[in-house]
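Working notes, beginning with the structure itself.
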Amino acid sequence: MVKNAEIAKILYELAMLYEMKGVPFKPRALERASETIDSLARDVADIYKKGGVKELQKIPGVGLGIAEKIEEYLKSGHVKEYENMKKKFPVDIAGLSSIEGVGPKHIAFLYEKLKIKTVSDLERAAKAGKLRGLPRMGEKLEAKILKGIAFKHEGGGRFGIGEVLPLARSLKARLSKIPGVETIEIAGSIRRWQETIGDLDFLVISESPEIITNAFSKIPEVDHVYAKGPTKVMVRLKTGIDADLIVLPKKSFGAALQYFTGSKDHNVEVRKLAVKKGWSLNEHGLTKGKKVIASETEKEIYKKLGMPQVPPPEIRLNKGEIEAALASKLPHLIEYGDLKGDLQIQTSWTDGKNSIEEMAREAERLGYEYIAITDHTRSLAMTGGADEKKLERQMAEIEKINAKFKKQNSKLTILKGAEVNIMKNGSLDIDDKTLAKLDVVGAAVHSLFNLSREEQTARIIKAMENPNVDIIFHPTGRIINKRKPYEVDMEKIIKAAKRTKTILEIDAHPWRLDLKDEHIRMAREAGVKMVIDTDAHSVPEMHYLEYGIAQARRAWCEKKDIINTLPLKEFLKALKQFDFLTVVYTIL
DNA sequence: GCCGTTTTCGGCCCGACTGTTTTCAGTCG
């Protein structure tokens, strides 16, 4: 999948380069293809191997032109067109454009006028007040850019889990094929499913450590090696993230896994328990003097320390899990296979890439009982948001597809839904009569992110009070490492959710992960029900549920807290606007 | 550069908001 990311990046930068030149339409096409390839579940190299350029063209958004660029890259490692254009603008396009408020046009004349190539060049120029002289740039924009840069820095060089996990998994699969590797595990913050990841930690069991460390330091993804010994290598990968690999004998694997999984706070507490018993715990084992008490599995170690239950990695944060494990009172967390449906799905009716039927077929393959189609509505103009008429047409279309699926003995039900926009005053951009006909109505904020805390909170609560609104989608609006959540009083929102029986969404899209764990925990404790949705805009994105489940697990959620663990009938009953006729109709 | 129940050519990329400006360029969703 490494190639996918590289190709996606080139296509993205190519899109920006054309945008810088003011070429119409082309950039959007390139960007679309870039996004699709980035989230593709299959390796482009494999697709190409299977059927060449023709097969590549089956990827949505990829036509002859882009397929040929991909071919060129796979064969030669270069894309000429890209490199020629890059000569004119030898700048860090991806880095600069990731700063809020900086777009392609800015990047173009920042380079032309001030020779700005990197984010740090930009920061220096902005601090020196050099931007304000440029056309259409003033003090405010300068300040905005500095704020954007500061926010990016706050990320502390951490990467979103959605960027890192696929890379870690593909590396794991490859490394496991090195002769001599008995077992390989990913530890660290990835194993704990933290929202952002600082580096990758691979643990390997092998009797021939040096073969493994040598092989690892030479894989093509490695940019440079910081340090390398017989059992440990530390490298910087080309994607910019650091990775450590440690080789161990089988007998100390559990201790190492426990140690390298963390979190630091959790480990400190666990070690205290060992000390209390006169023992010591480190990455090699739980020991009393020279005698090893436990080391091969995590389970033994926790058990010897008085914990009959092993705290799942997701909750190892020293937030009560150790006490609960000691008392055998850990909750039975929601499992990764517990969800029966996905309730936020966009299709080609608006800004999604696949048709209703394509999304539904994938849902069947995933074994779901139901999905809700929730395309954008009117006021989100860029997506071709639906008005009442379009929604009516879509409802009719869904009925047709449901009938077809039923004939084929499918167990899947497609629910009619929408992702409606909450307007400034809390009203919705679709009339109530139409909303009442939908099975699932999600409401969301897509504009005016900078309202005051009071206004924003009141606006959302007003929407929750509409009896047709079942769910609030991505309730805080954040994009990880990119956009802060809007100001909103979550305590009030949670109270209102309880009062109005509105469901809160855990948006599983790895860019969003919204609600975040603390808010999920608050909602759970208040008895507010939640759903976990992918916010998928394409078939591969439907696989994102696991990120949301991890998010819920980190907040100690059980099956009962998440209503899309319920079978269809019960699920519909759990919705606010439950209406007997709707259910009968849907099931028939 | 992509795409097709309006099309194999001619559409697609719309509207709000911001910050810069005296009429609009650039960004974002």
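Order of the sequence lines sets the chain letters (A, B, ...), proteins ahead of strands, with each chain counted from 1.
- A straight line from CZ of A/Arg28 to C1' of B/dC13 spans 7 Å, rounded to a whole angstrom.
- For A/Arg483 and B/dG29, the shortest distance from a side-chain N or O to OP1 or OP2 is below 4.0 Å.
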Requested in this report: Could you check A/Gln346 against A/Asp535 for side-chain hydrogen bond (donor to acceptor under 3.5 Å, both in side chains), going step by step and ending with a plain yes or no?
Outcome: CA-CA 7 Å; A/Gln346 274 73 230; A/Asp535 203 349; 2.9 Å; yes
Check nucleotides 20-22 of chain B against the protein and report each pair of N or O atoms closer than 3.5 Å, with its distance, or say if there are none.
unit_1, atom_1, unit_2, atom_2, d
B/dT20, OP1, A/Gly138, N, 2.6
B/dT20, OP1, A/Gly138, O, 3.2
B/dT20, OP1, A/Leu141, N, 3.4

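- At the phosphate of B/dG29, neither OP1 nor OP2 sits under 4.0 Å from any side-chain N or O atom of A/Asn421.
- B/dT22 and B/dT7: their C1' atoms are spaced 43 Å apart (whole Å).
- Judged by distance alone, the side chains of A/His474 and A/Gln344 never bring a donor and an acceptor atom under 3.5 Å apart.
- When both pairing distances are held under 3.5 Å, B/dT8 makes no Watson-Crick or G-U pair with any nucleotide shown.
- Taking atom CD of A/Glu31 as the reference point, atom P of B/dC28 lies 11 Å away to the nearest angstrom.
- For the C1' atom pair drawn from B/dC12 and B/dC24, the interatomic distance equals 23 Å after rounding to whole Å.
- Note: CZ (A/Phe109) to P (B/dT27) measures 7 Å, nearest angstrom.
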**Report entry** salt bridge (charged side-chain N to carboxylate O under 4.0 Å, His left out) between A/Glu362 and A/Arg365, intermediate numbers included
**Finding:** CA-CA 5 Å; A/Glu362 186 66 9; A/Arg365 277 191 286 278; 2.7 Å; yes
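- As rounded to whole Å, 12 Å separates atom P of B/dT27 from atom CD of A/Glu100.
- Taking the P atom of each, B/dG19 and B/dT8 are spaced 46 Å apart, rounded to whole Å.
- Under 4.0 Å is where a charged nitrogen must lie from a carboxylate oxygen, and between A/Lys353 and A/Glu541 no such pair does.
- As rounded to the nearest Å, B/dA16 and B/dC9 have C1' atoms that lie 32 Å from one another.
- With respect to the salt-bridge test (charged N to carboxylate O, under 4.0 angstrom), the residues A/Glu518 and A/Arg521 do not qualify.
- Heavy-atom neighbours of A/Lys115 NZ from other residues, nucleotides or ligands within 6.0 Å: above the threshold of 12.
- Nucleotide B/dC12 holds its C1' atom 16 Å from the NZ atom of A/Lys353, rounded to whole Å.
- With both ends at atom C1', the span from B/dT23 to B/dT18 equals 15 Å, rounded to whole Å.
- Here the P atom of nucleotide B/dC28 and the CG atom of A/Leu96 are 12 Å apart, to the nearest Å.
- Listed nucleotides: B/dT18, B/dG26, B/dC13. Nearest to the side chain of A/Glu19: B/dC13.
- Position along DNA chain B of the nearest nucleotide to A/Asn450 versus A/Lys105 favours A/Asn450 as the more 5'-ward residue.
- Side-chain atoms of A/Leu96 and A/Tyr111, non-hydrogen and from C-beta on, never get closer than 4.5 Å to each other.
- A/Lys144 and A/Glu100 are not joined by a salt bridge, as no carboxylate oxygen comes within less than 4.0 angstrom of a charged side-chain nitrogen.
- As rounded to the nearest Å, B/dG10 and B/dT6 have C1' atoms that lie 11 Å from one another.
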Expected rows: protein N/O vs nucleotides 1-8 of chain B N/O, under 3.5 Å:
unit_1, atom_1, unit_2, atom_2, d
B/dG1, OP1, A/Lys69, NZ, 2.9
B/dG1, OP2, A/Lys26, NZ, 3.0
B/dC2, OP1, A/Gly63, N, 2.4
B/dC2, OP1, A/Gly63, O, 3.1
B/dC2, OP1, A/Ile66, N, 3.1
B/dC2, OP2, A/Gly65, N, 3.2
B/dC3, OP1, A/Gly61, N, 2.7

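- Here the separation of B/dT20 from B/dC14, taken at their C1' atoms, is 22 Å to the nearest Å.
- Residues A/Leu141 and A/Leu131 have side chains not in contact (no heavy-atom distance under 4.5 Å, counting atoms from C-beta outward).
- The separation of B/dG11 from B/dC17, taken at their C1' atoms, amounts to 27 Å, rounded to a whole angstrom.
- Interatomic distance, CG of A/Leu122 versus NZ of A/Lys117, reported as 14.5 Å (0.5 Å rounding).
- Atom C1' of nucleotide B/dC14 and atom NE2 of A/His376 are separated by 14 Å, given to the nearest angstrom.
- Rounded to whole Å, the distance from CG on A/Asp351 to C1' on B/dG29 is 9 Å.
- A salt bridge links A/Arg361 and A/Glu357; the closest N-O separation between the charged side-chain nitrogens and carboxylate oxygens is under 4.0 Å.
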